[in-house]
Enquirer: 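Sharing a structure, written as structure tokens. Questions coming.
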Number of protein chains: 2
Amino acid sequence: MPVRSYRQHCPLAHALDLLGERWTLLVLRELLHGPRRYSELLEGLPSIGTNLLAARLRLLVSESLIERVELTPGIDAYSLTANGRALEDALVALARFGARRMGTRRGGSSIQLSSILLALKAARAPDASQDLDEEYQFEIDGAPLHARIRGGVLHVDSGAAAFPVLVLRTDKETFVSLMSGELSPSAAAASPAVDLAGAPATLERCARVLGWSSGAS
Amino acid sequence: MPVRSYRQHCPLAHALDLLGERWTLLVLRELLHGPRRYSELLEGLPSIGTNLLAARLRLLVSESLIERVELTPGIDAYSLTANGRALEDALVALARFGARRMGTRRGGSSIQLSSILLALKAARAPDASQDLDEEYQFEIDGAPLHARIRGGVLHVDSGAAAFPVLVLRTDKETFVSLMSGELSPSAAAASPAVDLAGAPATLERCARVLGWSSGAS
DNA sequence: CAGTATCCTTCCAGATACTG
DNA sequence: CAGTATCTGGAAGGATACTG
């Protein structure tokens, strides 16, 4: 237990005793979509400071929310345990709250791929998408991810889709401005920074399903 | 924006910029179940220190997650705004995580009524309760609260139930040991610290529905 | 690459005194 | 009652130099 505990018999206080320190939840965000090496974590968490990252990893390992794994012989990394994966709902719920008040991008802020994935997971499909069953694939700075809508439920993960109705290749900055509504789907389809396979109308539908602000409520 | 920001364009980082400081989420927990006066908040957050509570309240008001309201003429209090209420899902998700690793009560830890309410909201009804439709009422140190199960969905709130199949009066400590499984429903029914209206079998069912550990998985 | 070690700054806990 | 103001020790955080 951390030295600084709330000392309340409360599930929330207990969770915060564990996770409430600075950076902890962002480290878990980085690991939410697969194992990461120490140096990759440093990249994804600009300005964390090596001592803090090491301290957080030590804590999370000791609480068995994460574990060291051998990625390939000689290369090891950190990976979520089943206990750690149980936090996904909480991270998504917090992200959903944060997304509502985030607005368009602020100058000087960096963009992580893990943030984009989390933002996609935090989206809620509108009621109107109840009867859709299709997949969208994105490639952001070369990294593939996909979203599937089926029965009104959205499922997002990294990796390629099996039968996407749309493939959109672009960079992080452009994708973020698309999500925020700053860049409309039609403008994106025409943009030289975007490589789109699929009809522009499909991209419009995708934007509505994922709640990209230009179309939705 | 706080001085210490993560400066990432990420919905989670954004939420934590706002809520990540110590005490902030616990203040919101206290307000989740109704308006509270400054002195009531101090009671519910032992050891917070008047300056920190004032600082957190100032921040939350300025971000319009809470607002001052006049409870009765001359008496004012703090209350969640609609924006603040949007955090309930996140608090419940974190509490659900915390509950899994909380175990039985630690010596020296205090118990707040708001924590009990949150813990009840974090419960998930088992599949077996799909066909139940009933209400349970609790009175903990005199404060009424209730849980309703219907269609497999659990709804918990403060206040009295309309047609409870069970009324259980006790103190916070006993109720907590009941929730943790330390005290079995049958032992509780016989305990002098508990005043139960309703069949012991009903209390057993209630304990299963609310996931009190002795019966459930 | 994967961390420790170090130094310095900022924040927090706890106490207490004061104001309208 | 509902705060604000001030103080002090200690813990956490930030930056960077260093090591196996």
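Below, each value reflects all heavy atoms present in this structure, side chains not excepted, and no hydrogens, waters or symmetry copies.
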Enquirer: Considering only side-chain heavy atoms of A/Arg56, which listed nucleotide, C/dT16, C/dA13, D/dA12, is closest?
Expert: D/dA12
Enquirer: From C/dC12, C/dG3, D/dG13, pick the nucleotide closest to the side chain of A/Tyr78?
Expert: C/dG3
Enquirer: Nearest to the side chain of A/Thr50 - C/dC12, D/dG13, D/dT16?
Expert: D/dT16
Enquirer: What nucleotide, of C/dT4, C/dC12, D/dG13, holds the atom closest to the side chain of A/Tyr38?
Expert: C/dT4
Enquirer: How long is the line joining CZ of B/Arg4 and P of C/dT9, in whole Å?
Expert: 14 Å
Enquirer: The side chain of A/Arg37 is closest to which nucleotide in this list: C/dA2, D/dT4, D/dA12?
Expert: C/dA2
Enquirer: Closest approach to the side chain of A/Ser47, judged atom by atom: which nucleotide of D/dT4, D/dA15, D/dT6 is it?
Expert: D/dA15
Enquirer: Apply salt bridge (charged side-chain N to carboxylate O under 4.0 Å, His left out) to B/Asp89 and list each qualifying residue two or more places apart in sequence or on a separate chain.
Expert: none
Enquirer: Is the gap between the ring centers of A/Phe175 and A/Phe138 under 6.0 Å?
Expert: yes
Enquirer: Is the closest side-chain heavy-atom distance between B/Leu18 and B/Leu60 below 4.5 Å?
Expert: no
Enquirer: Taking the inter-plane angle between the rings of A/His155 and A/His146 on a 0 to 90° scale, is it parallel (under 30°), tilted (30 to 60°) or perpendicular (over 60°)?
Expert: tilted
Enquirer: With each end axis built from five pairs of C1' atoms, what bend angle do you get for the helix from C/dC1-D/dG20 to C/dG20-D/dC1? Round to 10°.
Expert: 40°
Enquirer: Nearest to the side chain of B/Arg68, heavy atoms from C-beta on, is which of C/dA13, D/dA2, D/dG14?
Expert: D/dA2
